[in-house]
Amino acid sequence: MADESVSAPVVNDQDPAIAAADEMKLLGYAVQELPAHAVKDLFAHEVCVRCIFRLFNIHEGIYALLSPTTIYSIIKKAINSEDMAIKSTKDTEELEVKSSICSVCLGVLQFSYLDERDTLLGKDHAEDFAMAVAESVKEKGHEIPSFTLEVSLPTLITENEQVILSYLKKKYASEVWFQEKFSSEHISVKDALKLSMTHPLEKLLGVKSGVSDFRIRLTFEHVDATSAENRIGKNQGNKRIKSDESNGLVKCSNGTLQSGDASDINSPLKKVGQPCHMTLVCSRAPVFIGGRYLKFSRNVSQTRWIIDEERKGEASVEELIGGNILPMCNGDSYKFHAAGREDIDVRMLGSGRPFLVEIQNARFVPSEVSIKEMENKINSLESNLVRVRHLKVVGSQGWSLMREGEAEKQKQYAALVWISRPISDDDVEAVTSLKELKVLQRTPVRVLHRRSPLDREKTIHWMKIEKIAGSCQYFLLHLCTQAGTYIKEFVHGDLGRTNPSIGSILGCRAEILQLDVTDVKMDTLTE
């Protein structure tokens with residue numbers, strides 16, 4: 001171990017070969033600062049070289065790109081091999097490097113893991129591991145503009161690290177190197193893995209990492225569920241070991257560690273028999289495709305409607321639209337959202353009702369050309385039950401805008417109404433003259449089974465009566481209302497639960513025969 005300070009070489013950013021050689025020198029200089037007896041102690045407790053470098057704040061990430069054998073050779077050159085008690089022959093060295101799973105990282109930083117078939121796999125360095133991950137990602141068929149790498153580790157790793165740090169503190173706290181090396185923070189296993197993997201993955205996938213809708217998630221799980229709290233004695237009780245994982249750093253300064261009961265100082269951690277199981281999942285944040293739909297049938301529900309295993313209606317808007325969009329995005333599933341809903345027997349005409357189709361884990365984000373193909377495909381369906389307009393890819397903010405607009409929107413209707421007596425010109429004037437009419441509606445009888453019994457005040461902004469030639473008791477009622485108004489009940493009064501109503505205004509019985517939505521006034525999802 002060198003006591004004299006040495007100047008570090010200047011890294012050449014232009015020549016990769018020179019830069020790599022300089023990084024090797026940097027690593028060599030960093031290794032010279034390691035206390036030989038403590039490193040030997042950690043090796044004896046089966047702590048891998050990469051975890052040792054982490055614990056001693058050696059941040060040169062190149063060590064993750066080197067094989068363990070190469071790292072051992074660097075350590076041997078920098079530190080007296082007799083003090084380190086590292087075998088001199090390459091064969092023995094290989095055995096020592098590969099035969100044991102790290103008692104701290106459980107093989108994560110050794111790039112040793114069990115796959116989904118319980119096959120033991122091992123990679124020498126980060127680039128090999130990144131290649132395996134990249135191949136798995138490509139097999140899933142995603143279009144990748146960029147990516148975010150996420151890592152989930154078992155809490156056992158953090159617990160084991162705290163135990164080994166407590167052991168070092170108890171044994172070496174009085175030594176100068178301990179005060180210097182363990183008075184600051186060190187990088188966590190999670191961030192060490194992400195740091196070593198990100199650049200190789202960028203090269204292999206041909207895209208940059210960062211904040212992205214596309215996520216590559218590596219989940220590591222270990223069969224050994226025994227916590228460090230149980231292993232270090234009963235004095236800890238159920239107290240949780242605290243660590244700061246928010247920025248990937250583990251506090252290890254004096255006074256911040258849980259010292260535990262490391263009375264068994266010769267074996268603070270038990271031997272690890274196998275590495276973690278690793279699963280890789282690729283996922284994309286939901287893709288929202290929005291527009292407006294028109295519905296021309298009085299036998300089509302908005303969403304799939306099944307009662308007692310019997311389908312109601314011949315189809316649904318949800319299936320006709322979402323079922324055609326999903327395969328073109330190659331997603332896992334979809335959810336259909338709309339700004340309100342009409343009954344199965346109500347047509348949706350005019351400008352259409354705003355809707356969003358939320359595609360889960362889409363492997364393909366459609367272009368403008370693809371969106372136009374989707375629109376044409378839906379509008380060309382032989383059934384001609386629905387059509388879509390202004391189809392486009394919208395961000396997640398489209399969902400918020402639709403929810404906000406839904407509460408404030410106005411809706412226009414055309415209702416075919418029958419009354420129990422002939423309609424007069426005075427009736428037409430009485431209805432047409434009403435502006436901003438306040439209506440109190442108790443929850444309708446027909447929806448009481450699924451809605452809370454509440455009183456709601458709604459506004460009828462304007463009304464207009466259009467007489468039907470040759471019929472004195474039938475007319476078309478055009479009206480514009482506040483969102484959430486029950487139109488059918490406004491016409492017939494719902495046994496007095498809606499007041500006033502067309503029936504009470506005209507002083508006769510009124511029934512609604514047909515209803516169409518003719519406009520949904522919202523600024524969102526328009527051309």
Side-chain angles (χ1 to χ4, degrees), residues 140-148 207-208 210-215 282-296 300-304 315-342 348-381 385-412 483-484 517-527:
K140 298 181 185 298
H142 283 275
E143 179 184 61
I144 309 174
S146 60
F147 71 91
T148 296
V207 295
K208 291 292 184 181
V211 178
S212 174
D213 288 340
F214 181 72
R215 299 182 294 273
C282 294
S283 62
R284 188 188 302 280
V287 173
F288 292 91
I289 297 175
R292 288 182 175 238
Y293 75 80
L294 293 91
K295 189 187 81 171
F296 304 119
V300 172
S301 57
Q302 186 185 80
T303 56
R304 192 165 178 258
S316 70
V317 176
E318 172 187 47
E319 292 167 299
L320 293 169
I321 297 177
N324 282 284
I325 289 178
L326 179 65
M328 299 186 75
C329 295
N330 195 14
D332 290 345
S333 60
Y334 71 90
K335 296 179 181 179
F336 186 84
H337 311 281
R341 66 168 58 236
E342 67 283 336
M348 180 64 240
L349 306 176
S351 59
R353 185 184 298 278
F355 72 91
L356 290 176
V357 176
E358 178 183 347
I359 305 295
Q360 305 292 328
N361 197 23
R363 287 155 184 81
F364 172 70
V365 179
S367 62
E368 290 186 9
V369 173
S370 299
I371 286 291
K372 195 62 180 177
E373 290 176 358
M374 289 180 186
E375 188 169 314
N376 291 337
K377 182 179 180 180
I378 295 169
N379 293 342
S380 300
L381 294 174
L385 299 174
V386 300
R387 291 180 66 87
V388 293
R389 304 176 61 193
H390 313 319
L391 208 61
K392 65 183 73 173
V393 176
V394 298
S396 57
Q397 68 274 13
W399 169 255
S400 300
L401 290 173
M402 192 172 71
R403 293 294 92 176
E404 292 172 5
E406 182 181 6
E408 302 171 0
K409 69 178 182 293
Q410 295 181 3
K411 297 166 71 175
Q412 292 184 17
V517 183
T518 56
D519 197 12
V520 177
K521 293 187 175 296
M522 285 177 60
D523 293 334
T524 185
L525 297 171
T526 56
E527 193 168 14

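All heavy atoms count here, side chains included; hydrogens, waters and symmetry mates do not. Numbers for residues simply follow the sequence, beginning at 1. In this text, all values refer to a predicted model and were calculated from it rather than measured experimentally.
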Fill in: Stepwise side chain to side chain contact (heavy atoms under 4.5 Å, CB included) test for Arg353 and Gln302
CA-CA 11 Å; Arg353 185 184 298 278; Gln302 186 185 80; 3.8 Å; yes
Minimum heavy-atom distance between [X] and [Y], given as atom pair plus value:
{"X": "Pro354", "Y": "Met522", "answer": "CG-SD, 3.9 Å"}
{"X": "Val388", "Y": "Asn379", "answer": "N-OD1, 2.8 Å"}
{"X": "Ser333", "Y": "Leu326", "answer": "O-CD1, 3.5 Å"}

Only counting residues at least two apart or in another chain, list the ones meeting side chain to side chain contact (heavy atoms under 4.5 Å, CB included) with [X].
{"X": "Leu320", "result": "Ala315, Leu381, Leu385, Val386"}
{"X": "Met374", "result": "Ile289, Ile325, Met328, Cys329, Pro366, Ile371, Leu391"}
{"X": "Ser146", "result": "Ser212"}
{"X": "Ser301", "result": "Trp305, Ser316, Ile344"}

Test side-chain hydrogen bond (donor to acceptor under 3.5 Å, both in side chains) applied to [X] - qualifying residues, sequence neighbours left out:
{"X": "Lys411", "value": "Tyr413"}
{"X": "Thr303", "value": "none"}
{"X": "Gln412", "value": "none"}

Problem set entry | Under 3.5 Å donor-acceptor, Glu143 side chain and Val365 backbone | yes
Notebook entry, point to check: Taking the side chain from Glu358 and the backbone from Lys335, do they hold a donor-acceptor pair closer than 3.5 Å?
Noted result: no
Residues pairing under side-chain hydrogen bond (donor to acceptor under 3.5 Å, both in side chains) where one sits in residues 363-376, two or more places apart or in two chains, turn out to be Asp332-Arg363, Ser367-Ser370
Residues passing the ring-ring contact (aromatic ring centres under 6.0 Å, His included) test with Phe214, sequence neighbours excluded, are His142
Those residues at least two apart in sequence (or on a different chain) that pass ring-ring contact (aromatic ring centres under 6.0 Å, His included) with Phe336 are Phe355
d(Arg292 CZ, His390 NE2) to nearest 0.5 Å is 7.0 Å
The reported gap from CZ in Arg389 to OH in Tyr293 (rounded to nearest 0.5 angstrom) is 14.0 Å
Sorted by chain and residue number, the salt bridge (Lys or Arg N to Asp or Glu O under 4.0 Å) partners of Asp213 (sequence neighbours excluded) come out as none
Salt bridge (Lys or Arg N to Asp or Glu O under 4.0 Å) filter on Arg284, not counting sequence neighbours, yields none
Fill in: Side chains of Ser351 and Asp519, donor plus acceptor under 3.5 Å
yes
- Message: Regarding Arg304 and Glu318, does a basic nitrogen lie under 4.0 Å from an acidic carboxylate oxygen?
- Response: no
Check your understanding: Do the side chains of Val517 and Lys295 get nearer than 4.5 Å, heavy atoms only?
Key -> no
